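One structure is given here, and the rest of the page talks about it.
Lettering follows sequence order; numbering is per chain, from 1. All of these numbers come straight from a predicted model, not from anything done at the bench.
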Amino acid sequence: MLLRKTKTYGSSIGHQVLTKTINQKLEGGLIIKLPFYFYIVILLFLLTFLINFFYVTKNYSFVFDNILKQSIKFTFFQAILSTIISIILGFILSICLYLSNFKRKIITTFLNFFFIAPVLFISYGVIFIHGSDGLLQNIFQFINLNFSYTFFGIIGIIYVTSYFNIALSANYFFRKLTNIPENYLKLMSANKISLYVALTRCLKPVVLNNLSILITMVLIFCISNFTIIYIFASSPLLTTIEMAIYQKISFEANISEAVIYGFLQTVIIILILIPTLKLRNNFQMITLKVSENYRIYQSNLFSSFFLIIFFLYFFSPCLVVIKGLYNFNIDLLFSKNTILSFLYSLIIAFSSLCIALMIAISSLFMARRLHENNSYLSNYVILSIFIISFVPSISLSAILFMINVHLNFILPNFLIVAFINSFLLTPLIFLFLFPKFMENNKFEKLRVLQFNISAVNRFTRIDFLKIKKELIVVSSSCFVLSMGDLTSITLFNSSSFKTVPYLISQLYSSYRYNDAFFILAIFVLFIISFLYMVNSLVYKNVKIR
Amino acid sequence: MLPLSLVSKEQLNILTYDSFTSEWGPGPSIQKSFEEICDCQVNWTTADSSGALLSRVKLTDNKEGFDIILGIDDSLMSEAKDTNLFSPHALSSSDLAKLNIDWDNETFVPFDYGYFSFIYNSSKLDNPPKSFDELTNRNDIRIIIMDPRTSTPGLGLAKWIYQLKGEQSKDFWKSLQDQIVITAKSWSDGYGLFLEGEGDAVLSYTTSPAYHAIAETDENYKAMLFQDGHAEQIEVLGMLKSAPNKKLAQKFISFAISKGFQDHIPLGNWMYPVIDGLEGSSDFYKYAPMPISLDRVYASKKDKDLWIEYWSSSID
Amino acid sequence: MLKLDKISYKNVTFSAEYTFNISESGIYALVGESGSGKSTLINLISGFLNIHSGSMSFKNKSLLDLSPSQRPISTLFQNYNNFDHLTIFENIILGVDSKMINNNINRNKVKSVMKKLSLEMDMFKTVSELSGGEQQRVSLARCWLRNRNLLLLDEPFNALDPGLRKDLFIQLVKMHEHNKSQITIISSHFLDELVDIINGVIFINNGSVYENKILQYKEVKDNLDFKKYFLGSF
């Protein structure tokens with residue numbers, strides 16, 4: 001469904017022959033397919049539970065109640081608004097960064113970090129700057145400027161939600177800009193094409209191609225911004241479906257209504273995305289000669305100005321780290337609780353990453369195999385990977401929890417958390433690795449057939465090397481993501497395992513606000529150093545190659 | 001879960017809300033005192049709010065095998081009783097007579113209580129209002145409250161207003177509306193935002209200033225004391241019918257109203273203990289003086305729906 | 001006319017220095033092993049790469065201070081010469097109007113140059129609908145319309161079959177007859193194909209111009225180094 005014809009720019013003389021169908025089919029590789037089959041079984045299992053919930057529910061009047069209507073309206077209003085804002089601003093940011101003199105490595109690290117920064121960190125960072133007693137208000141007071149504003153409500157929600165999504169979309173567009181074929185740049189510079197004309201006409205595919213994938217992702221992130229709504233919704237009218245689900249489960253013990261709410265959200269997302277999800281089975285990736293170092297456009301007054309604004313926007317909340325470190329508390333840092341929660345966070349992040357990687361890579365393999373065998377089913381593989389990210393994670397965790405109840409608690413809690421996290425990470429990994437994994441697949445198929453390369457061999461000797469660098473980058477991002485925030489949306493904690501976000505919320509509900517900020521600061525520093533390490537590893541690898 | 005045979009000691013499984021068992025909450029010290037006398041092991045499991053506690057046992061039919069639920073409040077008691085999951089506490093009336101509050105419920109036992117109030121910073125706000133009406137007339141005071149649907153203090157405020165205003169609750173909520181700058185989802189979020197400088201006053205408990213004064217030596221935070229009285233919240237514990245270890249659970253319930261447990265309540269959970277004469281609690285009472293109390297209400301589901309209805313009809 | 005004096009270029013893996021002088025207009029072949037620096041030379045003259053030292057002039061005017069678009073140069077590559085999603089009209093008019101405005105004057109310009117190159121089709125077809133040969137002809141049409149005095153072609157027709165290549169060489173000659181003062185440099189691995197149309201050969205060997213001058217076809221043919229490149233070492 002999300003597959004579009006990617007071969008839109010550049011003449012591909014000589015490649016035409018490959019688009020002709022090669023009837024010979026590839027076979028084998030059961031072991032690589034297994035995790036995907038396993039995933040499908042889980043999916044079907046969840047579906048039977050869903051049907052059961054429909055069956056159990058006798059009275060559907062709650063579907064028409066005002067709270068639900070209000071929350072559906074607000075959910076999609078804020079999500080669509082912030083999707084539009086963040087994609088436009090992300091595009092502008094990517095151009096400013098493209099024109100700037102910063103090294104590519106620095107730019108991508110910067111964008112990666114802000115995409116996966118813990119939501120709690122950014123939220124409190126924003127309050128630290130823009131709150132009623134925040135830095136800005138204090139500065140205004142100092143210079144005797146009587147200007148007060150409140151950051152809670154829709155503005156705060158959009159401001160913070162956009163934070164991650166601007167970084168995501170800028171990253172997406174920046175990648176595209178740095179992948180423009182070199183000859184195009186030469187053609188544009190030789191004919192003195194202005195940046196505006198270049199972007200609106202010559203590079204239109206760069207801007208628009210596969211935009212639906214970006215829109216899908218951003219929209220999903222905007223819809224599932226539970227923590228942000230939790231903190232910034234100043235009025236009970238600003239409530240989302242996820243919040244309503246949370247209420248249903250936590251306070252009314254009504255799982256079946258909660259699950260049906262979740263189902264409703266899923267259906268609405270699919271309805272919204274239908275226009276962008278064109279089922280096309282005609283995609284092909286060709287390695288382009290790209291132009292990482294060739295630059296024809298220079299930064300100008302506008303782009304520098306915008307860049308400064310963007311940097312202020314992104315970096316100002318980071319000042320909260322200073323506040324956190326100011327409350328340095330060595331006893332707390334080395335207390336059993338803190339160390340344990342860091343350990344548990346690492347374990348959870350690691351296990352959810354492993355599960356997600358297995359499912360994602362397996363389904364990539366599956367999608368490519370089906371595509372290479374000219375089966376229309378490949379689109380459904382992709383759909384099956386994405387559909388679970390449309391389901392609110394709270395509903396998901398509720399269903400899993402109930403399954404566990406029926407299984408007499410066979411699954412340890414941490415495994416449930418790991419599974420929920422991994423379901424949300426899988427589409428991300430899938431999308432990130434997709435272009436590299438599909439690269440040259442038609443050529444490869446010929447070689448695989450000719451030299452009789454086994455599926456496992458192809459996977460370990462060819463695919464793995466191809467995606468290695470991307471794999472490290474996306475793994476580190478997903479690791480951090482699942483350490484940071486995803487766990488906080490699990491409904492039923494048990495004290496047998498505490499994650500860092502859990503520790504922070506515990507500190508928070510025990511009046512220990514300063515300590516909470518301190519742990520938050522340490523957590524963020526930990527994440528930054530982790531990402532830095534991974535990044536230098538990746539770039540070291542590149543040099544060796 | 002480990003097979004029980006591997007562990008020699010008897011196990012007591014308690015479900016509670018998360019701040020109770022945190023390192024800084026009363027949980028760890030209470031566990032220590034109880035384990036000294038019971039020769040058993042206490043296992044805590046937590047849910048993220050007191051509302052979620054009841055939901056959890058309701059959803060699972062206590063298949064997780066908890067003995068005790070600790071931390072649901074008086075507003076949930078009748079609902080909890082209706083689930084038929086709880087068994088009577090079996091304390092004698094003489095045991096209950098030792099408490100410093102009147103208590104005659106057969107299922108649940110109180111372990112602490114508090115009064116809802118608005119907390120303000122006295123270095124920023126002088127001349128605090130002395131009644132609800134005065135509060136609504138002071139348009140300069142911006143307040144943070146909690147959503148009654150997702151937070152017990154939020155529900156507490158709805159009850160408080162209903163107790164004082166009755167049928168006029170809706171109008172009263174309307175007159176308060178302009179001053180509400182944030183309706184937080186939970187107490188901890190609302191309180192955190194208040195400390196960050198949002199709002200001039202926050203819905204909390206009369207005991208909150210004691211935390212700031214004793215743990216942080218900051219005496220600026222004070223509770224608004226209203227002459228028309230404050231609504232009460234009582235936190236209770238109860239034994240589950242399907243408790244695997246009823247005997248031990250029974251023992252814990254008796255323990256909960258003894259000194260070994262209650263000693264840790266004032267400076268651990270920052271609420272009023274249910275027995276008097278605890279050592280070292282004089283400072284606590286100094287910073288958290290008892291307010292004028294309104295009559296106790298045992299809310300039914302219908303009552304709560306009514307309170308919430310008054311609130312929600314005022315916000316459209 | 002085109003004079004390069006010790007134009008040098010260095011990067012991590014490659015360094016080159018070019019000196020030669022073309023004094024007459026005409027078509028010149030640029031030959032040499034793969035990786036010897038043919039494309040680098042074209043990129044240096046067009047201004048896509050910055051030189052380290054040396055001087056370069058065309059008609060006694062230094063090229064070095066000029067940006068790629070200011071230089072009297074049109075360039076054509078092996079691929080990605082056209083924006084596939086744009087129309088033939090847009091891709092051709094690009095050479096003289098960077099805003100690609102669709103008006104009568106521009107349409108007439110494109111029409112006449114398309115006619116000269118026997119591109120007989122709707123000018124508002126997108127380029128991706130064309131065959132490989134037609135696509136290169138569109139690029140050539142752009143260069144023609146641009147009418148600059150230096151035309152640099154970097155292995156332009158390599159991906160086409162011999163018949164199409166021959167056809168395009170004919171178009172090239174046509175173009176030359178139209179603008180007599182033009183210098184065309186065409187890089188290729190197939191010197192024999194060009195023999196009828198070229199006025200001289202620039203032979204690149206290890207990052208420099210062989211003997212720093214333009215050779216005649218016969219000289220090259222007999223040259224030992226060239227034979228080695230052309231026939232392989234024995």
Part of [X] within contact of chain A (heavy atom distance under 4.5 Å):
X	result
Tyr211(B)	side chain
Lys58(B)	side chain
Asp147(B)	side chain
Thr16(B)	neither
Lys124(B)	side chain

If you count heavy-atom pairs within less than 4.5 Å of chain B, which of [options] leads?
options	value
Ala233(A), Ser335(A), Gly153(A), Gly134(A)	Ser335(A)
Ile231(A), Leu503(A), Leu507(A)	Leu507(A)
Asp133(A), Ile229(A), Asp515(A), Asn404(A)	Asp133(A)
His406(A), Gln137(A), Met243(A)	Met243(A)

Does the side chain of Thr46(B) come under 3.5 Å of the side chain of Tyr502(A) through a donor N or O and an acceptor N or O?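 There is such a pair between these side chains.
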Side chain to side chain contact (heavy atoms under 4.5 Å, CB included) involving Ser71(A) - partner list, sequence neighbours excluded: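 Testing Ser71(A) for side chain to side chain contact (heavy atoms under 4.5 Å, CB included), a comparison that skips the adjacent residues, returns Leu68(A), Thr239(A), Ile241(A), Ala244(A).
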To the nearest 0.5 angstrom, please state how far the CG atom of Leu59(B) sits from the CG atom of Asn254(A).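 The CG atom of Leu59(B) sits 8.5 Å away from the CG atom of Asn254(A).
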For chain A, which candidate among Thr150(B), Ile180(B), Thr60(B) shows the most heavy-atom pairs at distances under 4.5 Å?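 When all of Thr150(B), Ile180(B), Thr60(B) are compared, Thr150(B) has the most.
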Among the listed options Phe20(B), Tyr17(B), Trp311(B), the residue most often paired with chain A at heavy-atom distances under 4.5 Å: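 Of the options given, most contacts go to Trp311(B).
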Which portion of [X] sits near chain B, non-hydrogen atoms under 4.5 angstrom:
X	result
Phe152(A)	side chain
Phe151(A)	neither
Gln70(A)	neither
Tyr513(A)	side chain
Asn408(A)	side chain

Heavy-atom count around Phe328(A) CZ within 6.0 Å, excluding the residue itself: above 12?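 Enclosed.
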Are more than 12 heavy atoms, taken from residues, nucleotides or ligands other than Leu343(A), located less than 6.0 Å from that residue's CG atom?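 Above 12, so yes.
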Hey, are the side chains of Arg149(B) and Phe251(A) touching, using non-hydrogen atoms and a 4.5 Å cut-off?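 No, their side chains stay 4.5 Å or more apart.
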4.5 Å side-chain heavy-atom contact, Ser250(A) and Arg56(B):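 Of all side-chain heavy-atom pairs linking Arg56(B) with Ser250(A), none is under 4.5 Å.
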Acceptor/donor pairs from residues 193-203 of chain B side chains to any protein atom, 3.5 angstrom cut, sequence neighbours excluded:
from      : atom 1 : to        : atom 2 : distance (Å)
Glu196(B) : OE1    : Lys323(A) : NZ     : 3.4
Glu196(B) : OE2    : Lys323(A) : NZ     : 2.6
Glu198(B) : OE1    : Ser132(A) : OG     : 2.6
Glu198(B) : OE2    : Ser132(A) : N      : 2.6
Asp200(B) : OD1    : Arg142(B) : NH2    : 3.4
Asp200(B) : OD2    : Arg142(B) : N      : 2.7
Asp200(B) : OD2    : Arg142(B) : NE     : 3.3

Answer yes or no: is there a donor N or O on one side and an acceptor on the other, between the side chain of Ser55(B) and the main chain of Ala253(A), under 3.5 Å?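 Looks like yes, one N/O pair under 3.5 Å.
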